[in-house]
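To start, the structure under review is shown below, and the notes come after it.
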Amino acid sequence: MLARSRGYFGLGVEGVSKSANVGALLRTAHAFGAGFCFTVGAGFDARAGRAADTSDTPAHLPLWRFAGVEHLQLPQGCTLVGVELLDDALDLPSFRHPLNAAYVLGPERASLSPPLLARCRHVVRIPTRFALNLAVAGALVLYDRLLQHGRFAERPVMPGGPATPPPVPAGHGPPVFRRTLPAWLQAGQGEDET
């Protein structure tokens, strides 16, 4: 069961040349419930990417392809977050994820471009000794986001799981009126419909 989470997010790449890497990242984004995916200046061949994206992500959510950073357009109110091994980047475990965000990862054997880094409101790093596989890095970022914005029971003090699972929302419930009920509606309350 997919955890219910607040906000929305997208996941993308810049300059990635291996379609299988993009495909694996798309599958990861789909598994975590992304609202969209995107590429920036990436040489992505959809047929080659399908070998790694066994969930066929582009059939289930938007995949936007931008020729370059200058063409990158995100939904209004969406915060761009770069994921990069930079000394001045924020460590992922200490980062507060924006409610609505687009995460972008860089190419194999290179970094996010200076123009793209300039567009990022935040840049985070996964505190590892060296760079990780693209899909693994994406999964760690999205898992960290899920821990913050998901609805899970608090972790117990002792090893193991929580004594009781978190309450499941019962839906929207009855209507809530901010003003008094109109007379025509009050008259109908308490009467059975036949």
Side-chain angles (χ1 to χ4, degrees), residues 2-3 5-44 49 52-53 57 61-152 154-155:
L2 181 63
S5 183
R6 295 181 298 272
Y8 67 82
F9 68 90
L11 188 62
V13 295
E14 179 194 33
V16 174
S17 61
K18 296 180 181 173
S19 296
N21 285 345
V22 177
L25 188 70
L26 293 177
R27 184 178 190 279
T28 298
H30 188 194
F32 276 97
F36 61 92
C37 294
F38 63 98
T39 64
V40 179
F44 175 60
D53 179 14
T57 300
L61 48 118
L63 171 59
W64 301 322
R65 297 181 187 197
F66 302 105
V69 177
E70 64 279 5
H71 301 289
L72 176 62
Q73 293 183 7
L74 296 172
Q76 186 173 357
C78 185
T79 302
L80 186 60
V81 179
V83 180
E84 191 60 74
L85 275 175
L86 297 175
D87 291 336
D88 59 345
L90 301 163
D91 284 330
L92 182 61
S94 302
F95 178 64
R96 173 65 57 190
H97 292 265
L99 186 62
N100 302 312
Y103 301 92
V104 62
L105 294 93
E108 311 93 341
R109 300 182 182 161
S111 300
L112 291 171
S113 69
L116 186 56
L117 284 171
R119 294 259 324 252
C120 293
R121 174 136 1 125
H122 307 285
V123 179
V124 298
R125 70 185 300 272
I126 300 167
T128 56
R129 294 182 183 172
F130 46 83
L132 299 170
N133 168 280
L134 195 64
V136 171
L140 288 172
V141 170
L142 297 185
Y143 181 72
D144 190 71
R145 178 188 171 82
L146 185 63
L147 290 178
Q148 281 187 23
H149 289 295
R151 296 181 180 153
F152 299 98
E154 290 293 320
R155 290 183 193 242

Parallel, tilted or perpendicular, judged at 30° and 60°: which one describes the rings of Tyr8 and Phe36? tilted
How long is the span from the CZ atom in Phe9 to the CG atom in Leu142, to the nearest 0.5 Å? 5.0 Å
Testing the basics here: between Gly138 and Leu25, what is the closest heavy-atom pair and its distance to 0.1 Å? CA-CD1, 3.9 Å
Can you tell which of Val81, Val123, Val83, Leu116 makes a side-chain contact (heavy atoms from CB on, under 4.5 Å) with Val104? Leu116
Kindly give the heavy-atom pair with the smallest separation between Ala102 and Phe38, and that separation in Å. CB-CE2, 3.9 Å
Heavy-atom pair with the smallest gap, counting every atom of Glu14 and Ser113: OE2-OG, 2.6 Å
Tell me the closest heavy-atom pair linking Arg119 and Val69, and the distance in Å. NH1-O, 2.9 Å
May I ask you to decide if Pro93's main-chain N or O and Asp91's side chain share a donor-acceptor pair within less than 3.5 Å? no
Evaluate the side-chain proximity of His122 to Pro98: yes if any heavy-atom separation is below 4.5 Å, no if none is. yes
State, with a plain yes or no, whether a side-chain heavy atom of Trp64 is found less than 4.5 Å away from one of Gln73. no
Once rounded to the nearest 0.5 Å, what's the spacing between atom CG of Asn21 and atom CG of Asn133? 6.0 Å
So, do Leu80 and Leu72 sit near enough that their side-chain heavy atoms are less than 4.5 Å apart? yes
Student check: side-chain heavy atoms of Val124 and Tyr103 closer than 4.5 Å: no
Apply the test side chain to side chain contact (heavy atoms under 4.5 Å, CB included) to residues His149 and Leu99: give CA-CA distance (whole Å), side-chain angles for both, the deciding distance (0.1 Å), then the verdict. CA-CA 8 Å; His149 289 295; Leu99 186 62; 4.1 Å; yes
Heavy-atom closest contact (Leu26 atom, Cys37 atom, distance): CD2-CB, 3.4 Å
Rounded to the nearest 0.5 Å, what separates atom CG in Asp144 from atom CD1 in Ile126? 9.0 Å
When rounded to the nearest 0.5 angstrom, what distance separates OG1 in Thr79 from NE2 in His97? 12.0 Å
In terms of heavy-atom contacts, Leu61 and Gly35 come closest through CB-O, 4.0 Å
Are the side chains of Val141 and Leu105 in contact, using a 4.5 Å heavy-atom criterion? no
When you measure from the side chain of Arg145 to the backbone of Leu140, do you find a donor-acceptor pair of N or O atoms at a distance under 3.5 Å? no
